[in-house]
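To start, the structure under review is shown below, and the notes come after it.
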Amino acid sequence: MSLPVTSVFNDGYIEEQFEAYRRDPNSVDESFRQFFRMAEALGGTQAGASARPAAGATPADQQEFARRVAGVARYVSAIRRFGHLAVQLDPLGTPPPGALELKLEHYGITDADLDLVSGASIDFPHLNTARDVAERLMFRYTRNLGVEFVHCGSEEERQWFRSVFTSELLTRPMTADEKLAVLRRLSEVDGFERFLGKAYVGYKRFSIEGTDALVPMLDTAIDEAAADGVRHVAISMAHRGRLSVLTHILGKPFEQVFAEFEGRHDHLEGTSTGDVKYHLGFEGRKVVANGATVDVSLVPNPSHLEVVNPVLMGLARAEQRRANNPLERDERMVIPICIHGDSAFPGEGIVAETLNLSRLAGFSVGGTLHIIVNNQVGFTTDPTDSRSTRYASDLAKGFEIPVIHVNADDAEGCVAAMRIAVAYRQQFKRDFLIDLVGYRRHGHNEGDEPTYTQPVLYARIKAHPTPRQVWGQRLIAEGIASAADVDQAERAVAERLQAIHAAMPRGVGDAAHGHESDHQPPECPPVADTAVRVEALAAINEQLLQYPTDFSPHPRLAKQLERRREAIGETGGIDWGHAEALAFGSLITAGTTVRITGQDAERGTFSHRHAVLSDVKNGRKYVPLQHLPGATATLEIHNSALSELAVMGFEYGFSVAAPDTLTLWEGQFGDFVNVAQPMIDQFIVADRAKWGQDSGLVLLLPHGYEGQGPEHSSARLERFLQLCAENNMMVAYPSSPAQYFHLLRWQATRRPRRPLVLMQPKSLLRLPQAASRIADLATGTFRPVIDDPHGDAKRESVRRLVFCTGKVYYDLVAKEPGDHVAVVRVEALYPWPLDEVSRVVDLYPNIDEVAWVQEEPKNMGAWSFVAPRLRVAAGNALVIRYIGRPERASPAEGYPKAHADEQGRIVQEALDVPPPRGGTGVRRSAALAK
């Protein structure tokens, strides 16, 4: 029952509310209605009597009695709300803060009043007095689990929690056998960590010691999930405790871990640089108590704390898809568990971005289980300096996520918390968070000295027994185990690890591992046949223009789309959005699902896609690409939250787990991609080199200089090119809808899979000169380099060979280059198409120079990447000239006139060829002959 929240009722106010209630119950708040109905039922018509006042009591006496009943009811209600503040959470002994709301005097009542009010009068008919109620609730809510759930917006959820703590099924005490199993588990964890500390002195391992209970908690999560039919548990976590999770939860062989400490990485196939041992992922399989088999995976991740969170969610969503219909998912079958740090959870913005995805239709995974491994300190930073909230977990409450705080030394409480978490997730398909409050026995790493900055804290830690010792002493006190049993469990672990370690071969680590590919030049992969028959394209085009009879698209938009019928005819005119729709449709009908998200993906930032139509009469949505007759796949398209880092990370994770799907993320403007730079640097470009992991994610980044200012011009092409190595991705800047069409189809089938970064147009989206014909889609394939379309007619007369990429090509040809200039488009920048560029250079025997023309400043764009490669392609025999903006700190001009002047200067300089120097072609030919 929810009660009025004022700390002490004013008698006159209560009487006023009661009179209003008697006249019209709906005129007062529901909390007062509940209170007055209860009072009437138990004490006649007086407002609040639970045991009637003495005969002849005055109205003032009656009001005073009602006030006491109300105070008792509010006190009892407060135990559920504020009980977590009385739980002993710190294993090091810091007393709980308590709360004024848990004191009787806060409500103007005394201890004796608890005996005057019946249990029935405050919604506990099975208990005799309010004292019985209060004692029962104190036991449930202030003993070992600090639960916060009243902030949940759904009364159904709040009632579920009340029922859980009333029935005590999920919070039931552990059996003796279960307690002994936990002792063995804690002994394994503690023994493993201490063995590493002795065998590999001075090595970083980011020990779990102090929060050892994480391992039995994960055991419980997997067991409980398996009992409910879950087939896959996917985990992400930072480096703290990762080695223990890898070995004890995922079953990574101890031999592999020891080998990594000794520098042997033979098992890390498919990588070049590899990664440190506490960043690596793993996939295992676990057989649980009921005989069920559960796949368990740990996602690899960098030291960038929390950046892996959306990657895990994307992976989980991909795994949840049903094979026969990718748009249908079974969220109960795959559970993601995200393990956080206490400083990182409130400190890193990616946490909030990812939590915000949790209930969005395009990104929901049916609930993620979150665990904060709470060391009560950051690297060297105290909680008072790292967050503005009481708890590390408070951010989650803003997303109505229930929270349980638990003492890491109380293994029984930790297991109960995890039972509740799994049950809630499976019931409501929403996130749940456990705040595991422990400590960090060593410094940030084992070579760090923590007493420099936290001397008092670490004096307490040094004097404090380990979680295994705490649990062992408890079992001894309960008579479940003897001291000898506890010691034997410890010895058994040490002996086993020592035997494994002793049996390992000794030798020098594989220092050369990972460097073989350093000197291999990147290869431009062979281009696949991506053409589609005219008849098939025409059929898809027609199907995309069909709507249900009761659907009314926007008339202006319908007219625009209707032009697509003409565009596939002889006159041509296939624009960017049209070519994309045909590419998607051709893939879907052939069995490849397409997923695309972005802040305005459904319509397209520049109103060019319109993949999702809205009925102008009722707002109903219709997606033509989801209704192609005979298609064995579909389109999944969603507008996303206003986030680059989290959404890109989600799509990266989805792509990793969905090789059968063409996965795309579109930036609103390419300029905003730098908000997601950690995801690009740590995952997209380096995943194979570090972890042997592949992704086929496509980044669509609008790019081009059209006078829109510094923040709406550049997708930072130079940064992607700087990151290119070892065939880690493809970077392209297609200049026509047909090229885009072929690239999309190629990417869907290209193996091995690697990300594709596409500079996308803005002004070219509808530029007639950039449009394609149906024949361009029905024949040929993607062309990495496109020669001047008039080149055949002026091979001998060309003296300057201009190379460029993307939109600037149309600025150049709009000024009609003369016979002395040829303009060549480089459509694929990485892998660099050396052979194709060299072939084009050889077609022009009399050139004096080669020029690279770009819109971007000299220190940006493709120039720094292209210059040495273009020089090699020209045989190192020609001047390679740069034409573009000078070096700048800002990408583009903020004033339209300044932009127009600079753009005009670049074009003029590119086409203004100096007088011939004579004989250059002969000298070049001689140089090439040498």
Side-chain angles (χ1 to χ4, degrees), residues 314-331 333-334 361-365 528-533 535-548 577-598 601-602 604 609-613 621-640 650-666 694-700 740-756 758 777-778 782:
L315 183 147
R317 185 174 174 106
E319 293 283 352
Q320 290 169 346
R321 298 174 305 159
R322 295 184 186 276
N324 58 345
N325 186 350
L327 288 183
E328 292 185 3
R329 294 175 298 110
D330 190 344
E331 295 176 333
M333 291 296 99
V334 181
F363 303 89
S364 170
V365 295
D529 180 8
T530 51
V532 179
R533 293 182 302 106
E535 297 80 6
L537 291 171
I540 293 170
N541 191 68
E542 186 62 30
Q543 290 156 5
L544 295 180
L545 296 174
Q546 302 297 320
Y547 316 122
H578 191 184
E580 180 186 79
L582 292 174
F584 288 171
S586 66
L587 290 170
I588 291 168
T589 55
T592 297
T593 288
V594 177
R595 175 182 165 91
I596 178 171
T597 68
E602 295 180 359
R609 179 170 295 121
H610 294 291
V612 179
L613 306 178
K621 304 295 183 182
Y622 181 72
V623 183
L625 280 164
Q626 292 177 354
H627 300 277
L628 294 175
T632 56
T634 189
L635 172 71
E636 185 179 3
I637 183 168
H638 303 281
N639 288 339
S640 76
F650 187 102
E651 300 309 331
Y652 169 82
F654 191 98
S655 173
V656 167
D660 58 335
T661 298
L662 177 65
T663 307
L664 307 96
W665 176 82
E666 182 175 59
D694 280 329
S695 161
L697 180 63
V698 180
L699 303 184
L700 303 179
Y740 179 47
F741 171 90
H742 289 298
L743 258 178
L744 290 177
R745 287 183 48 77
W746 184 24
Q747 178 68 5
T749 58
R750 191 159 63 101
R751 297 295 182 272
R753 296 189 308 141
R754 293 311 300 150
L756 170 63
L758 291 182
L777 280 59
F782 172 71

Item to check | Evaluation steps, side chain to side chain contact (heavy atoms under 4.5 Å, CB included), between F584 and L664 | outcome: CA-CA 11 Å; F584 288 171; L664 307 96; 4.2 Å; yes
Checklist entry - Do we see a donor-acceptor contact under 3.5 Å between the side chains of R321 and T593? => result no
Item to check | From CA spacing to verdict: side chain to side chain contact (heavy atoms under 4.5 Å, CB included), T661, F654 | outcome: CA-CA 9 Å; T661 298; F654 191 98; 4.1 Å; yes
Next on the checklist: Measuring only between side-chain heavy atoms, which start at C-beta, is I596 closer than 4.5 Å to L662?
Outcome noted: no
Item to check | Derivation and outcome, side chain to side chain contact (heavy atoms under 4.5 Å, CB included), residues L756 and W746 | outcome: CA-CA 10 Å; L756 170 63; W746 184 24; over 6 Å; no
Next on the checklist: Is it the case that the side chain of S586 and the backbone of A583 share a donor-acceptor pair, with hydrogens and angles ignored and the cut-off at 3.5 Å?
Outcome noted: yes
Item to check | Evaluation steps, side chain to side chain contact (heavy atoms under 4.5 Å, CB included), between W665 and R595 | outcome: CA-CA 9 Å; W665 176 82; R595 175 182 165 91; over 6 Å; no
Next on the checklist: For a quick test of reading the model, state the closest non-hydrogen atom pair linking Q543 to L628 and the distance between them.
Outcome noted: OE1-CD2, 3.6 Å
Checklist entry - Can you list the residues that meet the side-chain hydrogen bond (donor to acceptor under 3.5 Å, both in side chains) rule with R609, with sequence neighbours excluded? => result E580, E666
Checklist entry - How about S695 and S655: does a side-chain donor come under 3.5 Å of a side-chain acceptor? => result yes
Item to check | Test item: F741 and V532 side chains (from C-beta on) under 4.5 Å apart, heavy atoms | outcome: yes
Checklist entry - Would you call E636 and R317 a salt bridge, taking side-chain N to carboxylate O under 4.0 Å as the test? => result yes
Checklist entry - Is the backbone N or O of V334 less than 3.5 Å from a side-chain atom of Q320, with the two atoms forming a donor-acceptor pair by type? => result yes
Item to check | Spacing of T634 atom OG1 and I588 atom CD1 [to the nearest 0.5 Å] | outcome: 5.5 Å
Next on the checklist: For residues 621-630, which residue pairs pass the side-chain hydrogen bond (donor to acceptor under 3.5 Å, both in side chains) check, not counting sequence neighbours?
Outcome noted: S614-K621
Next on the checklist: Less than 4.5 Å apart, side chain to side chain, heavy atoms only: is that true for L582 and N541?
Outcome noted: yes
Checklist entry - Looking at E651, E602, H638, which hits side-chain hydrogen bond (donor to acceptor under 3.5 Å, both in side chains) with T597? => result E651
